[in-house]
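Got a structure here, written out as structure tokens. Questions coming.
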Amino acid sequence: MSLSPSGPLTDAFGPNATMELVHPAAPGPMPWWRSAVVYEIYPRSFADADGDGVGDLTGVRAHLDHLAHLGVDAIWLNPFYVSGWVDGGFDVIDHRAVDPRLGTIADFDAVIYKAHDVGLKVIIDLVPNHTSDRHPWFQAAIAAGPDSPQAGLYVVRPGRGAHGELPPNQWKSKFGGSAWTRFPGNATDPVHWYLHLFDVHQPDLNWQNPLVRAEYISIMRFWLERGVDGFRVDNAHALIKADGLPNEAPDWVSPVGNPAAAEAAEHAMRRGERDAPLSAPRRDVGPQWDQELVHEVYREWRTVIEEYPGERILVGEAWVSPPERLARYVRSDEMNQAFNFEFLAAGWNAPDLRTAIAGTVEALDAVDAPATWVLSNHDVIRHLTRLSLPPDQAWAGGLDPNQRMPEPAAALRRARAATLLMLALPGAAYVYQGEELGLPEDASLPENALEDPTWRRSGFTVRGRDGARVPLPWVADAPNFGFSTARVPWLPLPPGWRDLAADRQRSVPGSTYETYRAALWLRRRLELGTGSLARLHGLSGLPSESVLAFVNRTTLVVANLGTDPLRLPSGLMVLHASSDLPLADDDAVLVPPDTTVWIDLA
Ligand code: GLC
């Protein structure tokens, strides 16, 4: 649909300037989650209140005012449950209890209470694909043997070969190596194996078993009754495996028909990426992922959360592609949102970002779901660093001290430009703790500090995700920059982070923190989250290879991804910019490279 542009656009860019509406603004008030900005908290690294070197729930509570002041709408808490801590809490031993290192259930209740009091919703992680191997269910399975009903809660199979000495198939763990480990306990003939798509300490549950389904509904009710506003569903696309657990071959085609995904798998395979660690930007394709029956699970969950008052939500983590596949997870009777990794993986490149944005919005509009936008999380290299690295390094699975790091000021500038672009898009946005302080990836961690299972399972070659999980600096002049009073926190903070500490940035005009805060305030005021998306055509002077421009409601957003400054016509009113704009001799707007501006067309 083409619209006649508003006066200021034609005045500024000439009579040929037109807008093409891709996504209309919401006609009226919408549920909170359709436009929310959600702040992801990795609790171990957020704030340590009890001085043991590990962040905790009381530390989270102590800083909720910081988040309310920043202007986000919700927090998403990564796992805080009793865990083996082999995979940063994603190996859960008890889904209904808080790990003593992170606090108590009373501390959790206090987080919810305070969050709601300051106007923040609370989303928590739910990890349904696997448990810890120390979970009572897996322990009972070991005690009862591989043919027992207890083992039937997991994916346990006899091996291949005369005595089952070979794993049941060739599936690989996302953290490296085989996805199968011999089932522990007494020797059996044939040998039995259990499946773990992730670490050996994370056995996959059998989602064809009704007891597993019932247990997760009960877990959800436990937390819904304590007041959580939603769940982020870990590996939502992994729960159901294809019947018969077939090997994946280069020509493997999904039984639900997905030629594009099959092609992506083939390319990945040819490039030898099938063994690549988790953080590679590939989407998951194969008989372990994105199976039709998984949608039954979410239909049932949706009916559960809707029994509770308030607008509670399900957010899926599903590394599937293309966006049409993702859209299937957010059909009106399934989840509310799913993370959009197309945008995250696009890199700093106008044509790719344009495709990712339009593709996402169109696919999600078809099912009336909001888009989500994310640049950083606890699994990928922080976007400040990643967007300034060559693609092969950006997705190498962690950086090491020999890595040539991008120049800090230039990388920060680019990261802020990307953030302002993201926050101007209609839909929900996810911000990862510390990006509001301009934290880079930390490549300097000593090897003996690394905890990511990728490090071990890759034979100590791929360092993994710890560089994105380094604790936050709160106070420049305190030990460990105010993260913890412990002598040594679980991961050390780099000495160079002093000037990034929150107290050095609050109320400082032009700091990254204040840039985020102003963007969040304006985003709310301009109603960008429930706003529109219009493509622009015929604008003179905006080269499409290096400039991304769109209109949301009455805000023109221009991101300069090129290497030359961009001169916008005079008379435009700049509402916000990701970095300082130089003065031009007339009153033209000069947008330097790696800068995003929001311009008022009203
Ligand atoms: C998800 C989490 C990641 C974890 C994995 C296994 O991808 O985000 O941190 O390692 O699931 O649970």
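Every number for a ligand or one of its atoms is a count from 1 in the order of the listing.
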Interfacing atoms of ligand 1 (cut-off 4.0 Å, heavy-atom, E317):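 This gives 1 (C), 7 (O), 8 (O) as the contact atoms.
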
State the atoms of ligand 1, each with its element, that fall below the 4.0 Å cut-off from a heavy-atom position in D87.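 Matching atoms, with element in brackets: 4 (C), 5 (C), 6 (C), 10 (O), 12 (O).
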
Could you check whether W319 and H237 have their ring centres less than 6.0 Å apart?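 No, the ring centres sit 6.0 Å or more apart.
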
Considering the heavy atoms of R469, write down every atom of ligand 1 situated less than 4.0 Å from one of them.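 Listed by number with element, the hits are 9 (O).
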
Give a yes-or-no answer on whether the side chains of T512 and R416 include a donor-acceptor pair shorter than 3.5 Å.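 T512 vs R416: donor-acceptor pair found between side chains.
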
Of all the atoms in ligand 1, which lie at a distance below 4.0 Å from a heavy atom belonging to R465?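 This gives 3 (C), 4 (C), 9 (O), 10 (O) as the contact atoms.
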
Go through the side-chain N and O atoms of Y516 and E435 and say whether any donor and acceptor fall under 3.5 Å apart.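 On atom types as modelled, these side chains qualify, holding a pair under 3.5 Å.
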
Is there a donor in the side chain of S83 and an acceptor in the side chain of D99, or the other way round, less than 3.5 Å apart?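 Looking only at side-chain atoms, D99 and S83 do not form any donor-acceptor pair under 3.5 Å.
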
Can you tell me if Y216 and E300 form a side-chain donor-acceptor pair at under 3.5 Å?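 Absent: no donor and acceptor within the cut-off.
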
Answer with yes or no after comparing the ring centroid distance for F231 and W33 against a 6.0 Å cut-off, counting only values under it.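 Aromatic pair excluded; centres sit 6.0 Å or further apart.
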
Run the contact test for R232 against ligand 1 with a 4.0 Å cut-off on heavy atoms, strictly below, and give the result.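 The answer is yes: ligand 1 sits under 4.0 Å from a heavy atom of R232.
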
Quick check on contacts: which atoms of ligand 1 are under 4.0 angstrom from a heavy atom of F175?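 The list of qualifying atoms is 10 (O).
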
Output the list of atoms in ligand 1 that are nearer than 4.0 Å to some heavy atom of H130, sorted by atom number.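 So the answer, numbered in order with elements, is 6 (C), 12 (O).
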
Show the atoms of ligand 1 that are less than 4.0 angstrom away from any heavy atom in N235.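 Counting from 1, the qualifying ligand atoms are 1 (C), 5 (C), 6 (C), 7 (O), 11 (O), 12 (O).
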
